[in-house]
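Here's the structure, in structure tokens; my notes come after.
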Amino acid sequence: MGLALGELAVLFGCELRGDPDQRVERVATLAGARAGDLTFLANPQYRRQLPSTAATAVVLDAASAAHCPVAALISTNPYATYARIAALLHPAPVAPAGVHPAATVEPSARIAASASIGAGTVIGARCVLGERVQVGPGCVLGDDVTLGADCRLHSRVTLEHGVQLAERVTVRSGVVIGADGFGFARDRDGWVPVPQVGSVRIGADADIGANTTIDRGAIEDTVIGEGVKLDNQIQVAHNVQIGAHTVVAGCTGISGSTRIGARCMFGGGVGIAGHLDICDDVVVTGFTLVSSSITQPGVYSGGIPASPARDWRRMVGRFKRLDGTVARLARLERASGLPATGEHTKDGDDD
Amino acid sequence: MGLALGELAVLFGCELRGDPDQRVERVATLAGARAGDLTFLANPQYRRQLPSTAATAVVLDAASAAHCPVAALISTNPYATYARIAALLHPAPVAPAGVHPAATVEPSARIAASASIGAGTVIGARCVLGERVQVGPGCVLGDDVTLGADCRLHSRVTLEHGVQLAERVTVRSGVVIGADGFGFARDRDGWVPVPQVGSVRIGADADIGANTTIDRGAIEDTVIGEGVKLDNQIQVAHNVQIGAHTVVAGCTGISGSTRIGARCMFGGGVGIAGHLDICDDVVVTGFTLVSSSITQPGVYSGGIPASPARDWRRMVGRFKRLDGTVARLARLERASGLPATGEHTKDGDDD
Amino acid sequence: MGLALGELAVLFGCELRGDPDQRVERVATLAGARAGDLTFLANPQYRRQLPSTAATAVVLDAASAAHCPVAALISTNPYATYARIAALLHPAPVAPAGVHPAATVEPSARIAASASIGAGTVIGARCVLGERVQVGPGCVLGDDVTLGADCRLHSRVTLEHGVQLAERVTVRSGVVIGADGFGFARDRDGWVPVPQVGSVRIGADADIGANTTIDRGAIEDTVIGEGVKLDNQIQVAHNVQIGAHTVVAGCTGISGSTRIGARCMFGGGVGIAGHLDICDDVVVTGFTLVSSSITQPGVYSGGIPASPARDWRRMVGRFKRLDGTVARLARLERASGLPATGEHTKDGDDD
């Protein structure tokens, strides 16, 4: 039953303070843990919960270990070590290999014998599914889709024709990858659809959140780099490129042809305009509008936190009257006989 | 055919002014109503339409009844009374009981004889579906999902393994409940997935809008309280808790581990940061960023309304030059010999 | 194989500079083109790539033709002409006519012999599907849905009961049209659902993006005009009306009962409040809050671009202290003996 702390210490290179024969069976929070539970301390704001934890063992760093009332697995990166141990204690369920009788598979599709295809799933012509691929129920793969080994599609995922996933890509329920990009040419009598002839390529170990959409390229491909993690309800428009190991939180929208570097982090609800270049190692906090390219790594923001509604209305009124306020200031400067310092703006509307 | 006004007055405790034997067959707007229609007046901005309505009867309050040219059903809460009568006139269609032959149900699932399961739906092992549950076509229920009596899933709903719905929960098409939360631990060479071992519990009479996503908890459960109403395209991240009877409008995103109280109201397109506490009876207007906890009931805002683009560019320019503007003001204060009043800010950048 | 430049010049009324017998087989970008490729120049920022293109032919305007190193198809609207030629070179795949054996169709549905119904699709009672309609796999059509000739539903589309699509409407994967609007009447003990008895009508040639949602009307219908183009992940609430040829970019939310005119353009991530009137020919840039009606055509904005986080925090601090700043200004005006010019605001909070 469970795993011995001694084994875990060896497997994950931790220093163990405690009995190597004690076993843990499941994970829990510091506050909720009981005997048989493993927990962790990574975020300092929870340190006060450490002395009273009833867990069997805690994964934490050396500095915190002194205050640990139970067995301690000491790691330089407690959260990552916890994640790896939790994956051993709580392995993801694996569906049995084979094609469910209620699935519909085109004869020309090549599906590894070790792969699993769920009920109601539809797989198009010439698709290639690698070893141990798992496709859940209700998915739709168009023609010529390729899935590398160990990809996992949860339920009701659509991969339109020609979409390519490398190894170990996870796609969560409700995702649509490879829909036509939003491309229309204006004409006297409306909008002419521009054929979207590119596709979508997704790198190894990427993770795509529920109900996220990634459009196919207009001419060349939309490209998601290896190890990229996209949360739920994200929109990635045509021709976007996202660099390796970038993470994007939920409800963010990325407009067409924008290129994002590696190891970037985007908060939730961010809006990114089209045709931009964002360099590596950029962090954008939540609810920010990114409307021009970013060439320097660093942290960028653009959201104004909520205020009580009456205060907010007054602030907005002040904001919309800033021109008048600056004009009053300039008038005072003139009256005071001080040398003018009015900034000269591109609008040329100062002083 | 239809319902007699006398019956309705008795059923819903209204005072009736008019012929109790007149019948209404369907609902309509004040302006669009014809003979046989029932309509209502709740929003004063429509009062001017009352004198000319051709409805057979109007549900309204005592104050408006005097100006009603037709039969009046007088209620202290006309909109709620209208809603209840409309539900009698337009009952939701009920699918016949039984499992459609084109559905796929694991033998260990327990489904009430009065329940209805649509074509193409897939139901996992050990699921428990209560009396009169209706599951539409193309839904996917993972293993160990439980649905209380009278739950209704529209089409193409995914409930991942272990999700629990209480009685009378409505889930609209395209919803995904119980996908893994967005949890990754940073490591030298990328991001390690953190197993999401919690689930999602949804209280009685909750209503979840189309294409909304609610992630399962990392360790403990994500919890949606009874009577909560979520609109379409909402993202609820892992470990969130939402209190009873709170309503959230479309396109709002709620980040991980945030706790929201009871009877709150959120406008559309709101962004709520993670690890916050929002107390009961908070109202947040649309398009607001909530980035810190809220401890006082009341109305909060954060959106700046649109302006003509040229004006807006100038305002933004002013906004981004506020430091210079305040420095000019401070210089004038010094020159004027007035005692300084410059606020001292945490940035210490004043004067 | 492919198409001769001479034919294309005649078909699309272009002036051809080059050999009419040369053929093009596929489209490419200016930079990526090789022999046999057709490309285009519409956006001046790519003009520098023209002299070095290896394409067989370029669609461009007369002004640019002089610098074209290869065959030129000269058009007054190069992008639209390119779009039409690309549609000939890359025709959309057409599924074979007929109902897939794994589909479920109510006997009372009337489906044109030339229509195609995919595997796993479920079609309700009394649906009417016109000539050459294509419904992909995993779709769900409720009862009484009507699709005009040449409509195309990609995969996993839900059209709830009574939804009406005119001719040539494209609906992309994951879309939900006709879910109940978000209507609840407050009552002592929570919220009473208001039956949503209207439907949704969509005009000819409309295009609805992946995972977008359009709710049915509360009493009358939600109406999307002809030629309207909606991108992915858009929310359209009940009773909204959108005029002909309006385009809306991704992640935008439109609240209930708002009426939008014809030929409007909305950027991504826009939020539009309810019960508004927006006139024809309005352009709203991305990430803007529209909270009141717009009566004049023109361009409107409301998003503040990102700044480095430290600068941003200071700007927000200044913004939230604007009252104090204006009070300091007013004090200086008094001390200076200048006649007061303090604006008088509806808040009456000046000076």
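Here the structure is a predicted model, which is why all the values come from computation and not from measurement. Values reported hereafter were calculated over all heavy atoms of this structure, with side chains retained and with hydrogens, waters and symmetry mates removed. Convention: sequence-line order gives letters A, B, ...; per-chain numbering from 1.
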Just list the side-chain donor-acceptor pairs under 3.5 Å for residues 175-187 of chain A, sequence neighbours left out, or say none.
{"unit_1": "A:Asp180", "atom_1": "OD2", "unit_2": "C:Arg172", "atom_2": "NH1", "d": "3.3"}
{"unit_1": "A:Asp187", "atom_1": "OD2", "unit_2": "C:Arg84", "atom_2": "NH1", "d": "3.0"}
{"unit_1": "A:Asp187", "atom_1": "OD2", "unit_2": "C:Arg84", "atom_2": "NH2", "d": "2.6"}

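- The part of C:Ala102 that comes within reach of chain A is its side chain, from C-beta onward, which places non-hydrogen atoms under 4.5 angstrom from that chain.
- Among C:Ala210, C:Pro93, C:Gly227, C:Gly286, the residue with the largest count of heavy-atom pairs under 4.5 Å with chain A is C:Ala210.
- Between C:Phe40 and A:Val194, every side-chain heavy-atom pair lies at or beyond the 4.5 Å cut-off.
- In this structure, CD1 in C:Ile304 is found 12.5 Å from OG in A:Ser301, a value given to the nearest 0.5 Å.
- Of the residues listed (A:Val157, A:Val140, A:Leu141), the one engaging C:Ser155 in a side chain to side chain contact (heavy atoms under 4.5 Å, CB included) is A:Val140, and it is the only one.
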| query | Could you go step by step and tell me if C:Arg26 and A:Val197 meet the side chain to side chain contact (heavy atoms under 4.5 Å, CB included) rule? | reply | CA-CA 9 Å; C:Arg26 76 198 77 76; A:Val197 305; over 6 Å; no
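- The candidate from A:Gln296, A:Glu220, A:His275, A:Arg188 with the greatest count of non-hydrogen atom pairs under 4.5 Å with chain C is A:Glu220.
- Using a 4.5 Å cut-off between heavy atoms, A:Thr285 does not touch chain C at all.
- A donor-acceptor pair under 3.5 Å links the side-chain atoms of A:Trp191 to the main chain of C:His245, judged by distance alone.
- Using a 4.5 Å cut-off between heavy atoms, C:Leu230 contacts chain A through its backbone alone, with no side-chain atom that close.
- Rounding to the nearest 0.5 angstrom, the gap separating the CG atom in A:Leu322 from the CG atom in C:Leu322 is 5.5 Å.
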Should A:Arg318 and C:Thr325 be marked as a side chain to side chain contact (heavy atoms under 4.5 Å, CB included) after you check the CA-CA gap, both sets of side-chain angles, and the distance that decides it?
CA-CA 10 Å; A:Arg318 296 292 190 200; C:Thr325 302; over 6 Å; no
For this session: Please test C:Asp323 against A:Met315 for side chain to side chain contact (heavy atoms under 4.5 Å, CB included), starting from the C-alpha separation and ending with a verdict.
Result: CA-CA 7 Å; C:Asp323 268 358; A:Met315 286 180 231; over 6 Å; no
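- Side-chain atoms of C:Arg156 come within 3.5 Å of backbone atoms of A:Arg156 as a donor-acceptor pair (strictly under, hydrogens ignored).
- Side chains of A:Glu160 and C:Ser173 form a contact here, defined as non-hydrogen atoms less than 4.5 Å apart.
- Contact check for C:Lys320 versus A:Pro305: side-chain heavy atoms found under the 4.5 Å cut-off.
- The backbone N or O of A:Gly174 sits less than 3.5 Å from a side-chain atom of C:Asn211, completing a donor-acceptor pair.
- Contacts with chain A were tallied for C:Ala119, C:Gly120, C:Gly32; C:Ala119 has the most, counting heavy-atom pairs under 4.5 Å.
- Residue A:Ser255: no heavy atom, backbone or side chain, is found under 4.5 Å from chain C.
- With chain C as partner, the option from A:Thr213, A:Thr288, A:Val299, A:Ile234 having the largest number of non-hydrogen pairs under 4.5 angstrom is A:Thr213.
- Taking the side chain to side chain donor-acceptor pair (under 3.5 Å) definition, one finds that A:Thr121 meets it with nothing, sequence neighbours left out.
- Per-residue counts of heavy-atom pairs under 4.5 Å with chain A were compared for C:Gly209, C:Gly250, C:Ala28; the largest is that of C:Ala28.
- Two residues are said to be in side-chain contact when any heavy atoms from C-beta on lie closer than 4.5 Å; A:Arg331 and C:Glu333 meet this criterion.
- A side chain to side chain contact (heavy atoms under 4.5 Å, CB included) with C:Phe287 holds for exactly one of A:Ile272, A:Val290, A:Leu289; it is A:Leu289.
- Here the shortest heavy-atom pairing between A:Tyr300 and C:Ala306 reads CB-CB, 4.5 Å.
- Interface residue C:Val316: only side-chain heavy atoms are found under 4.5 Å from chain A.
- Comparing C:Val247, C:Leu89, C:Leu329 by how many heavy-atom pairs each has under 4.5 Å with chain A, the most go to C:Leu329.
- Counting heavy-atom pairs under 4.5 Å between each of A:Asp311, A:Val270, A:Asp143, A:Val122 and chain C puts A:Val122 at the top.
- For C:Asp205, no part lies under 4.5 angstrom from a heavy atom of chain A.
- With a 4.5 angstrom heavy-atom cutoff, C:Asp231 touches chain A via backbone and side-chain atoms both.
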